[in-house]
Amino acid sequence: MRVSVIGCGHLGIPHAVAMAEIGHEVIGVDLDRPKVDRLTRGQCPIHEGGLADLLARHTGTGRLRFSTGFAGAAAFADVHFLTVGTPLDATGRGYDTTQVLGAAEALAPHLTRPCVVIGKSTVAVGTTRELAGLLARRAPAGEGVEVVWNPEFLREGHAVEDTLAPDRIVAGVPSRHAEDVVRELYGPLLRRGIPLYVTDHATAELIKIAANAYLGMKISFINGVADMCAAAGADVQQLAEALGLDPRIGRGGLNAGPGYGGGCLPKDIRAFTAAAEALDAPEAAALLGAAERVNDSRPAAALRLVEETLGRAVTGAKVTVWGAAFKAGTDDIRESPALAIATLMHRRGAAVTVHDPLAVPTALTHHPYLTYETDLEASVTGAELVVLATEWPHFRHAAADHLATLVARPVLVDLRNLLDAGTWRAAGWTVRQLGRPAHEGR
């Protein structure tokens, strides 16, 4: 099939590449000319495992190309994916769909024949209905333009994997014809046994934000329990492993840490809370609001553990923070817990150096008041305290004995419970892990 993907960012680029990988001819559309030029040359502007190679392969064969023109995309494709951003609006509690509706406005005058427009961005309930009305009014093809809502469930750092081998595909469709188009589009995936859930528009819109809201609540739950474990002298790691054996609960997401971040979970939980309030579901809003409050408290909770371990306030201390990205496997720093903690310590008077294998350039642009090192050893030289805040694998394999010779004091706070604390203690480090007794560790 001939497909256009409108919006070439963290969602659009992996989706365009995946559509080409499963056999479709694809044109990606974005208004950012320098980005389009880079993509046309097969150069990937974002970091995702395996994405750069697939992009280069399919731009090289001509199966995937990029443009800034809506007219060319409309003439080329019979299916148009909308993959533009939906940030929070001015209230900070709902989605700003300006880019979604703007993309539809720009595309509509060129839709002269029947086609299917498929939204993938995360939106509030009712957006699909609004979009369908806009296209019916503005497109020459009128009601021949059908709108499907097909939410994405991508994990940053795993976007290619999650697009080509998703847990499920959800499609909110207006007709049997639109469903048939979706089945043809995703045919190579469906034939591998990946389930397709066909729903109405409103259900499809809610599924994505409900999924992220549940994950956020699960993370906030285990972080709240970690606080209880710290107070009781219990071990949150052992607790989580035992909880996870219950099939009704599951182990996934039950990892105590400095909180959730990124471009999806914080935004979606805020918007879902607001949606619960708007839909007159106050109990649901209260539950979601509690998850938000727990997450918002994580930087302060981390600071308490840091100062307890250091034995004094961080004022004047030389501190290294390992991690700038909100999670491992990406250079995305949006709502990064690691940077929130680094910023809080900086404001309390600490001299903070941040190390991250990928995200230093982006972090430097947005948080220039912090010091940065791209080399792990250089980052700890002379430090009084090291705080591990992002679960990059290379921290797990760091040479504890060698690093102990570089720091001013071998003191480490592992906010991700990533390290083998026994190995680090044997190398002379004082180690504290989140929600775990001071003398315990993996």
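Computation of the quantities below employed the complete heavy-atom set of this structure, encompassing side-chain atoms and omitting hydrogens, waters and symmetry-equivalent molecules.
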Subject >> Derivation of the side-chain hydrogen bond (donor to acceptor under 3.5 Å, both in side chains) call for Ser379 and Tyr372 >> reply: CA-CA 8 Å; Ser379 74; Tyr372 295 92; over 6 Å; no

Subject >> Derivation and outcome, side-chain hydrogen bond (donor to acceptor under 3.5 Å, both in side chains), residues Asp268 and Tyr95 >> reply: CA-CA 9 Å; Asp268 289 349; Tyr95 295 109; 2.6 Å; yes

**OP:** Output, in order, the C-alpha distance, side-chain angles, deciding distance and verdict of salt bridge (charged side-chain N to carboxylate O under 4.0 Å, His left out) for Asp78 and Arg113.
**Re:** CA-CA 8 Å; Asp78 295 307; Arg113 65 183 190 276; 2.9 Å; yes

Subject >> His394 vs His355, ring-ring contact (aromatic ring centres under 6.0 Å, His included): CA-CA, chis, key distance, verdict >> reply: CA-CA 12 Å; His394 82 297; His355 163 69; 5.3 Å; yes

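Here the closest non-hydrogen pair linking Val5 and Gly12 is CG1-O, 3.6 Å. The minimum heavy-atom distance between Asn212 and Leu265, with the atom names listed, is O-CD2, 3.3 Å. Residues Asn223 and Asn255 share a closest heavy-atom pair of OD1-O, 4.3 Å. Between Ala18 and Thr163, the shortest heavy-atom distance links the atoms CB-CG2, 3.2 Å. Between Ala324 and Val354, the shortest heavy-atom contact is CB-CG1, 3.8 Å. Leu415 and Ala302 make their closest contact through CD1-CB, 3.9 Å (heavy atoms, listed as atom of the first residue, atom of the second, distance).
A salt bridge (charged side-chain N to carboxylate O under 4.0 Å, His left out) check over residues 200-221, counting only residues at least two apart or in different chains, returns the pairs Glu152-Lys208. Within the structure, salt bridge (charged side-chain N to carboxylate O under 4.0 Å, His left out) contacts touching residues 137-146 (residues at least two apart or in different chains) are Glu105-Arg138. Each salt bridge (charged side-chain N to carboxylate O under 4.0 Å, His left out) pair with one or both residues in residues 54-65, not counting sequence neighbours, appears once here: Glu21-Arg57. For residues 289-298, every residue pair satisfying the salt bridge (charged side-chain N to carboxylate O under 4.0 Å, His left out) rule, not counting sequence neighbours, is listed here: Arg93-Glu292, Asp227-Arg298.
Remark: Arg33 engages Asp37 in a salt bridge (Lys or Arg N to Asp or Glu O under 4.0 Å) (not counting sequence neighbours). For Cys115, the side-chain contact (heavy atoms from CB on, under 4.5 Å) criterion is met by His80, Leu111, Val145, not counting sequence neighbours. With sequence neighbours excluded, no residue satisfies salt bridge (Lys or Arg N to Asp or Glu O under 4.0 Å) with Glu184. Every ring pair (Phe, Tyr, Trp, His ring centres under 6.0 Å) that His15 has, sequence neighbours left out, goes to Phe81. Every residue two or more places apart in sequence or in another chain was checked for a salt bridge (Lys or Arg N to Asp or Glu O under 4.0 Å) with Arg304, and none qualifies. His366 meets the side-chain contact (heavy atoms from CB on, under 4.5 Å) test with Ile333, Thr362; sequence neighbours excluded.
In this structure, the side chains of Val387 and Val319 come closer than 4.5 Å at one or more pairs of heavy atoms. Between Leu55 and Gln43 there is no side-chain heavy-atom pair separated by less than 4.5 Å. Counting heavy atoms from C-beta on, the side chains of Val413 and Leu388 never come closer than 4.5 Å. In this structure, Thr86 and Asp96 have side chains that are not in contact, with every pair of non-hydrogen atoms separated by 4.5 Å or more. Looking only at side-chain heavy atoms (C-beta outward), Leu196 and Val182 come within less than 4.5 Å of each other. Residues Pro357 and Leu376 fail the side-chain proximity criterion, which asks for heavy atoms closer than 4.5 Å.
Taking the ring centre of Phe153 as origin, the terminal cationic atom of Arg168 falls inside the region bounded by 6.0 Å and 45° from the ring axis.
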Which pairs of donor and acceptor atoms, one on a side chain in residues 22-31, lie under 3.5 Å apart (sequence neighbours left out)?
| residue | atom | partner | partner atom | Å |
| --- | --- | --- | --- | --- |
| His24 | ND1 | Met1 | N | 3.2 |
| His24 | NE2 | Leu185 | O | 2.8 |
| Asp30 | OD1 | Asp32 | N | 2.9 |
| Asp30 | OD2 | Cys8 | N | 2.9 |

Residues 281-289 side chain polar contacts: donor-acceptor under 3.5 Å, at least two apart:
none

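Salt-bridge check for Asp162 with Arg155: passed, with a basic side-chain N closer than 4.0 Å to an acidic carboxylate O.
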